[in-house]
Enquirer: 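This structure is in C-alpha cells; I'll ask about it shortly.
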Amino acid sequence: YAGITTGKPWLKNNENYKLTNAAQQDRDERSILQYFRQLVLLRKHKQVLIHGKYELLDADHPQVYTYTRTLDQEKMLIVLNFSKEEVLYTLPLVLDVGTEPLVNNMLSFKLENDIVTLAPYQALVFGHLPTDLPPLQDEEQAFAEELPLEKIKEENSSLESNELAI
C-alpha cells in the first residue's frame with residue numbers, strides 16, 4: 001500500500017505511488033515532505049511564528065501575500081506568491097543588502113533594490129530582522145488587519161512547482 005500502511009487503506013492509492021510516495025520523499029532532500037519538515041522545525045524553534053504579532057502588508061496586492069510576525073526584538077517577514085506567474089514585487093520593508101531568506105521553496109532567489117523576483121508559487125521567509133524596519137509604503141495601507149481571502153482564487157489554489165529547495 002505505497003509504503004504508508006500495512007493495513008488496507010480506506011482510500012485507493014494514487015496511480016503514481018511508485019514515483020511519489022513517503023519513502024521517495026524521505027530520501028529526496030528537496031521533496032515537499034522535507035520542505036514541510038523544515039517549516040515545522042522552524043516554527044518549533046521560532047516562537048515569533050507562533051506567538052508573534054501578525055501584521056498584514058500590501059493587502060491589496062492581487063498575487064502576493066506578505067506579512068510580518070513580531071515578538072519582543074525578533075521580526076520575520078513572509079512573502080508568498082499565490083499566482084502561477086513570475087512577479088516583480090517591491091518589498092514593503094527595507095532589507096539589508098545581502099539578506100537571504102531562511103526558507104525558500106525554489107532553487108533561486110533574486111533581490112535588487114527592494115524588488116524581489118518571485119517565481120510562480122514561491123514562498124520566502126526572512127528572519128532575524130530588526131523590529132524597527134521602516135516601511136516602504138504608506139503605513140495605513142501596509143498594516144491592514146483583515147485577511148484578504150479573495151486573493152486566493154481557485155486557479156491559484158494548487159501548487160504546481162516541482163522545484164523545491166530548503
Enquirer: Keeping Asn104 on the side-chain end and Leu124 on the backbone end, is there a donor-acceptor pair under 3.5 Å?
Expert: no
Enquirer: Looking at every non-hydrogen atom in both residues, tell me the closest pair between Val79 and Phe126 and how far apart they are.
Expert: CG2-CE1, 4.3 Å
Enquirer: Give a yes or no answer on whether the side chain of Gln38 reaches the backbone of Tyr35 with a donor-acceptor pair at less than 3.5 Å.
Expert: no
Enquirer: Could you grab the distance from atom CG of Leu88 to atom NZ of Lys110, nearest 0.5 Å is fine?
Expert: 7.5 Å
Enquirer: Could you pull out the closest heavy-atom pair between Pro92 and Leu57, with the gap in Å?
Expert: CG-CD1, 3.5 Å
Enquirer: I'd like to know whether CG of Asn113 has more than 12 heavy-atom contacts from other residues, nucleotides or ligands below 6.0 angstrom.
Expert: no
Enquirer: If you measure only the distance, is there a donor-acceptor pair under 3.5 Å linking the side chains of Gln63 and Glu85?
Expert: yes
Enquirer: Can you check whether Tyr54 and Tyr67 have ring centres sitting under 6.0 Å from each other?
Expert: yes
Enquirer: Under 4.5 Å between any side-chain heavy atoms of Val103 and Leu42, yes or no?
Expert: yes
Enquirer: Over all heavy atoms of both residues, which pair between Ala119 and Met106 is shortest? Give the atoms and the distance, please.
Expert: CB-CG, 4.2 Å
Enquirer: When you check the gap from the basic side-chain N to the acidic O, do Asp26 and Arg37 get nearer than 4.0 Å?
Expert: yes
Enquirer: Can you tell if the side chain of Val125 reaches within under 4.5 Å of the side chain of Leu77, non-hydrogen atoms only?
Expert: no
Enquirer: What is the distance from atom CG of Leu80 to atom NE2 of His61, rounded to the nearest 0.5 Å?
Expert: 12.5 Å
Enquirer: Can you find a pair of side-chain heavy atoms, one from Asp72 and one from Gln47, that are under 4.5 Å apart?
Expert: no
Enquirer: Given 3.5 Å as the limit, does a donor-acceptor pair link the side chain of Arg69 with the main chain of Lys53, or not?
Expert: no
Enquirer: Testing Thr66, Asn81, Thr117, Asp114 one by one against Tyr89 for a side-chain hydrogen bond (donor to acceptor under 3.5 Å, both in side chains), which residue passes?
Expert: Thr66
Enquirer: Ignoring hydrogens and angles, state whether a donor on the side chain of Tyr65 or Asp58 is under 3.5 Å from an acceptor on the partner side chain.
Expert: no
Enquirer: Give the minimum heavy-atom separation between Gln25 and Ser31, together with the two atoms involved.
Expert: O-OG, 2.7 Å
Enquirer: Could you state the interatomic distance from CE (Met76) to CG (Leu102), rounded to the nearest 0.5 Å?
Expert: 5.0 Å
Enquirer: When rounded to the nearest 0.5 angstrom, what distance separates CD in Gln34 from CD in Glu29?
Expert: 8.5 Å
Enquirer: Look only at the side chain of Asp28 and the backbone of Arg30, and say whether a donor-acceptor pair between them is shorter than 3.5 Å.
Expert: yes
Enquirer: I'd like to check Leu91 versus Leu111 (side-chain heavy atoms, cut-off strictly below 4.5 Å). Are they in contact?
Expert: yes
Enquirer: With the side chain counted from C-beta on, respond yes when Glu55 and Thr70 share a heavy-atom pair under 4.5 Å apart, and no when they do not.
Expert: yes
Enquirer: Please round to the nearest 0.5 Å and tell me the distance separating atom CG of Asn13 and atom NZ of Lys18.
Expert: 10.5 Å
Enquirer: Is there a donor-acceptor pair under 3.5 Å between the side chain of Asn14 and the backbone N or O of Tyr17?
Expert: no
